[in-house]
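The structure appears right after this line, and notes come after that.
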Amino acid sequence: PMQSPIKVYKDRNRYWTGPGSRRWLASKIAFGDKTLIRVHVYETKPANLATSRFVENNQREDTSLYVRILDLRTAVQEQHKAGVTIGKDIAVNLGLSASTYSKLSRVSDDEIVMENFIAPRRVSSLNIASKLVGCKTVEEAEAKYAKLSFTGKKLQRRPLEGRKRS
């Protein structure tokens, strides 16, 4: 059974699911059609759907950085329309730390990084993408990416034999 309610809104004579639709579908598949779920019903489309979608999708581990950034752009536009323009206030509304919001925003605004690394799914790490921000040319970004890729490889640590654990 689902822990938190899904959001449903009415548009003309139909009901549409908002945030929570995937949870509803998963519950339906797991428990069948007779499962009771909690629902928040809105008579009109809620004003903060993009923000809710971002908050919900950002918690998922399988959401790509590209999708997160596209959702962020839509949610930030929604926040601006609601009169929220200060970065730290937007970050709070989106459930992000100020530093994560700053990184996402800077990556989102950098055309070289978005077009050459994020959109083609070459970079999936926000930390690596944020280190590429500010490069003046694609060549400069490629060189920096190559250096980050080379130095970013983790070596597996092997336990030392006979070493006592403390």
Side-chain angles (χ1 to χ4, degrees), residues 2-4 6-7 9 11 16-26 40 42 44-160 163 165-166:
M2 290 178 23
Q3 299 282 325
S4 57
I6 67 170
K7 294 179 182 176
Y9 63 93
D11 184 26
W16 299 89
T17 57
S21 59
R22 286 188 297 264
R23 287 182 284 126
W24 169 74
L25 183 58
H40 284 253
Y42 298 89
T44 59
K45 186 176 178 179
N48 63 347
L49 269 181
T51 300
S52 296
R53 182 177 59 239
F54 177 82
V55 170
E56 192 154 308
N57 286 342
N58 193 49
Q59 295 173 16
R60 297 180 56 196
E61 291 180 14
D62 63 339
T63 303
S64 72
L65 182 57
Y66 182 67
V67 170
R68 285 177 64 200
I69 289 173
L70 294 181
D71 283 350
L72 173 81
R73 288 176 174 175
T74 307
V76 168
Q77 287 175 348
E78 186 178 87
Q79 291 290 308
H80 287 174
K81 285 181 185 175
V84 182
T85 57
I86 299 171
K88 67 178 183 178
D89 293 337
I90 294 172
V92 168
N93 291 348
L94 297 179
L96 298 171
S97 69
S99 65
T100 300
Y101 174 71
S102 175
K103 285 180 185 178
L104 281 168
S105 296
R106 287 185 292 121
V107 170
S108 173
D109 292 342
D110 193 300
E111 289 182 30
I112 290 175
V113 175
M114 286 300 296
E115 290 176 15
N116 296 284
F117 298 96
I118 305 299
R121 311 291 207 280
R122 290 178 61 199
V123 172
S124 59
S125 163
L126 178 59
N127 287 330
I128 290 176
S130 67
K131 291 176 182 174
L132 298 173
V133 169
C135 292
K136 304 289 184 216
T137 65
V138 174
E139 293 77 19
E140 181 186 352
E142 289 286 355
K144 195 169 192 176
Y145 175 65
K147 186 177 180 183
L148 287 169
S149 297
F150 180 73
T151 59
K153 294 193 188 284
K154 294 181 180 176
L155 299 175
Q156 289 186 348
R157 298 180 90 188
R158 294 182 188 165
L160 296 174
R163 185 175 177 183
R165 293 185 177 185
S166 51

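Since the structure is predicted, the reported quantities are computational estimates derived from the model, not experimental observations.
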Kindly compute the distance separating CD (Gln77) from OG1 (Thr51), expressed to the nearest 0.5 Å. 11.0 Å

Side-chain heavy-atom pair Val133, Lys103 within 4.5 angstrom cut-off: no

Pairs where residues 129-138 contributes a residue and the test side chain to side chain donor-acceptor pair (under 3.5 Å) is met, not counting sequence neighbours: none

May I ask you to test the Val92-Lys88 pair for a side-chain heavy-atom distance under 4.5 Å? no

Sequence neighbours left out, what passes salt bridge (Lys or Arg N to Asp or Glu O under 4.0 Å) with Glu142? Give chain and number order. Arg122

Going by heavy atoms in the side chains, are Val107 and Leu132 under 4.5 Å from each other? no

Just verifying a value: how many Å separate Ser124 OG and Ile118 CD1, rounded to the nearest 0.5 Å? 8.5 Å

Strictly by ring pair (Phe, Tyr, Trp, His ring centres under 6.0 Å), give each pair with a member in residues 88-121 just once, sequence neighbours left out. Phe117-Tyr145

Without placing hydrogens or testing angles, list every side-chain donor-acceptor pair under 3.5 Å for residues 65-73, not counting sequence neighbours.
residue : atom : partner : partner atom : Å
Arg68   : NE   : Asn58   : OD1          : 2.7
Arg68   : NH2  : Asn58   : OD1          : 3.1
Asp71   : OD2  : Asn57   : ND2          : 3.2
Arg73   : NE   : Ser108  : OG           : 2.8
Arg73   : NH2  : Ser108  : O            : 2.7

Listed partners of Asp109 passing side-chain contact (heavy atoms from CB on, under 4.5 Å), at least two apart: none

Within the 4.5 Å heavy-atom criterion, are Arg106 and Val113 side-chain neighbours or not? no

Are any side-chain N or O atoms of Glu140 and backbone N or O atoms of Cys135, one a donor and one an acceptor, separated by less than 3.5 Å? no

Expected list for residues 93-100: side-chain donor-acceptor pairs under 3.5 angstrom, two or more places apart:
residue : atom : partner : partner atom : Å
Asn93   : ND2  : Gln79   : OE1          : 2.7
Ser97   : OG   : Ser99   : OG           : 3.3
Ser97   : OG   : Thr100  : N            : 3.1
Ser97   : OG   : Thr100  : OG1          : 2.9

Taking all non-hydrogen atoms of both residues into account, name the closest pair between His80 and Ile90 and its distance. NE2-CD1, 3.6 Å

Derivation of the side-chain contact (heavy atoms from CB on, under 4.5 Å) call for Arg53 and Thr74: CA-CA 10 Å; Arg53 182 177 59 239; Thr74 307; 3.7 Å; yes

